[in-house]
Amino acid sequence: MIDLKLLQKDFESVSAKLMRKGVDAALLEQVKQKFEELKVAKAEFERLQAAQNAMSKEFGIYKREGKDISELKAKVDANKLLINDAIEVQREKQEELEKIAMAIPNIPDDNVPDGEDEEDNVELKKVLTPREFDFTPKEHWELAETNGWIDFERGVKVATSRFSVSFGMGARLERALINFMLDFNRERGFEEVSVPALVNRRALEGTGQLPKFEDDLYKIDGQELFLIPTAEVPVTNLYQDEILHADELPKRMTAYTSCFRKEAGAAGRDTRGMIRQHQFHKVELVAITTPATSEIIFEQMVSCASDILTALELPHRLVNLCTGDLGFGAAHTTDIEVWLPGQNKYREISSISNTRDFQARRAKIRFKNGKKNELVHTLNGSSLAVGRTLVAIMENYQNEDGSIDIPEVLKPYLGM
RNA sequence: GGACGAGUGGGUGAGUGGCUGAAACCACAUCCCUGCUAAGGAUGCGUAUGGGUAACUGUACCGAGAGUUCGAAUCUCUCCUCGUCCA
């Protein structure tokens, strides 16, 4: 949720920033107007209610003193009718405003580059040089099948398309990666948490997946429960509606979960292999911080994810997402893209975002700053998407005969 | 699945229709006293939002929602959660 007071106060500059992200100017004008209308409606209701409360007090006194109340009762009854109307008006305005405001994305930072889509993202730096192959490197689905690591058909058999099954070393590597990543994050100061894979509507609203992106979520039939699209949702919402002490911050957490996405709108993209699945494993980083330290934590999270890839000796690059590619709740995002020699390009493997107070405002997460309560900043990032890391290992560690070497750091996790 | 009981501020907990946004205690903060390791005193101390430079003040909130009433933490209904007992 954007700061409506700020929008009202600095309408010109805030709306200019939001328009960079493709928000319609007319919509912003509408939000501003609804916000003002709501304030007027509220003031009117409160004025009437104050009168009502005063009269009710008098009523009590009259009764105690045995005075005649019929005149007062008539006044109070008349006022009551006005109040009922005022409540109705206020409720209407509130609903109208919420409907529009909840669908407005976060304000992008000034250093977010303008752009349409991922083509316009700006490379920040490259880490490690891709290896030279003296043969034509294969794509991961081929390697996965020849090694018997991943079975795509059987995933479809027991579920539907975009599901797969890992066997043997493929499955063991996934588990090794999860453990390696969690241990790595823990050493960097992120506390491990284990959270529910089903969440309620309130949680999804808190982090911004709802109301706008319901189509991409799996919903449990007949219940207000959804499968999580990312651990960011349950972990960030752990502190929903709380006022934290400044000395508890920053809270740095890491969680492994499965993630579930319908991938609505991704028809035809990455249909082959395990780049884009309906269910995938991910180790996530989440931080809750004071505004003053959120950028420092952001950098820590980016290095944490990048250093995991470096430890795995996987070449990758960092890119600064442009306005067109920036997610709904993010003020700015750094993506990490891993080198896939089979596809001969860098592909997203991690996405780290600072949402600033956008989620905190929705989820009502605050902290006591001296005497005042202030919204926290929340950040989230993957470290890393497990399936895609496995893909990167297969493609980067492949030999000409199709066999795959095991990264050194994972060997202890595999009893090697 | 059934029966009963409970859900109040950071914590414990009082409060069965107006004098309660809520006693008391603990915790916390500031100040004072004292000084030798632990104690005494004073004051302050919920959240959100509107108005005001401010002092201050309006409104809402006692699990959630709806209702009765001039007036609800308190009465009624529905739901949720937690306990205890039963199947």
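Chain identifiers are assigned alphabetically (A, B, ...) following the order of the sequence lines, protein sequences preceding nucleic acid strands; residue numbering begins at 1 within each chain.
For His332(A) and Phe298(A), the ring centers sit closer than 6.0 Å to each other. A distance below 6.0 Å separates the ring centres of Tyr256(A) and His281(A). In this structure, the ring of Phe328(A) has its center less than 6.0 angstrom from the ring center of Phe213(A).
Note on Lys5(A): every side-chain N or O is 4.0 Å or more away from OP1 and OP2 of U49(B). OP1 or OP2 of U47(B) has not a single side-chain nitrogen or oxygen of Lys372(A) nearer than 4.0 Å. Between Gln49(A) and the phosphate of A60(B), there is a side-chain N or O to OP1/OP2 separation shorter than 4.0 Å. For the pair Lys80(A) and G71(B), the criterion of a side-chain N or O lying under 4.0 Å from OP1 or OP2 is met.
Inspection of the Gln94(A) and Gln90(A) side chains reveals no N or O donor paired with an N or O acceptor under 3.5 Å. Under the 3.5 Å distance criterion, with hydrogens and angles disregarded, a donor-acceptor pair is assigned to the side chains of Gln359(A) and Thr378(A). Defined by atom type and a distance below 3.5 Å, a donor-acceptor pair is missing between the side-chain atoms of Thr207(A) and Glu232(A).
Pairing for U20(B) is absent, judged as Watson-Crick or G-U wobble with the two contacts each under 3.5 Å. When both pairing distances are held under 3.5 Å, G1(B) makes a Watson-Crick or G-U pair with C86(B). In this structure, G58(B) forms a base pair with U49(B), meeting either the Watson-Crick or the G-U wobble geometry with both donor-acceptor distances under 3.5 Å. Under the Watson-Crick or G-U wobble criterion, with both distances below 3.5 Å, A72(B) is left unpaired in every strand shown. Figure legend. U81(B) is base-paired to A6(B); pairs are counted as Watson-Crick or G-U wobble with both atom distances under 3.5 Å. When Watson-Crick and G-U wobble pairs are counted only if both distances are under 3.5 Å, C25(B) pairs with G11(B). The base-pairing partner of G35(B), taking Watson-Crick or G-U wobble contacts with both distances under 3.5 Å, does not exist among the strands shown.
Comparing U47(B), U59(B), C70(B) against the side chain of Phe45(A) picks out U59(B) as the nearest. Side-chain proximity of Lys42(A) to U49(B), G71(B), G18(B): nearest is U49(B). Which of G58(B), A48(B), G18(B) sits closest to the side chain of Phe59(A) comes down to G18(B). Nearest to the side chain of Lys73(A), among C70(B), A60(B), A48(B), sits C70(B). Distances from the side chain of Arg91(A) to the nucleotides G71(B), A66(B), U47(B) place A66(B) closest. With distances taken from any side-chain atom of Asn53(A) to the nucleotides C70(B), U59(B), U47(B), the minimum falls on U59(B). When distances are taken from the side chain of Asn373(A) to each of G50(B), U47(B), U69(B), the shortest belongs to U47(B). Listed nucleotides A48(B), G18(B), U59(B) differ in distance to Arg366(A); the shortest reach to its side chain belongs to A48(B).
Aromatic ring pairs are classed by plane angle as parallel below 30°, tilted from 30° to 60° and perpendicular above 60°; the pair His278(A) and Phe163(A) is tilted.
Residue-level contact check: Lys75(A) touches neither bases nor backbone, having no heavy atom under 4.0 Å from any strand. Nucleic acid contact class of Ala50(A) (heavy atoms, under 4.0 Å, all strands): sugar-phosphate only. Within the nucleic acid shown, Ile61(A) has no heavy atom closer than 4.0 Å to any nucleic acid atom. Within the 4.0 angstrom heavy-atom criterion, no nucleotide atom of any strand lies near Glu58(A).
Following rounding to the nearest Å, Lys39(A) (NZ) and G52(B) (C1') show an atom-to-atom distance of 13 Å. As a whole-Å value, the separation of Gln94(A) CD from G50(B) C1' is 13 Å.
With P as the reference atom, G41(B) and A24(B) are 16 Å apart, rounded to whole Å. The C1' atoms of U74(B) and U69(B) are separated by 13 Å, rounded to the nearest whole Å.
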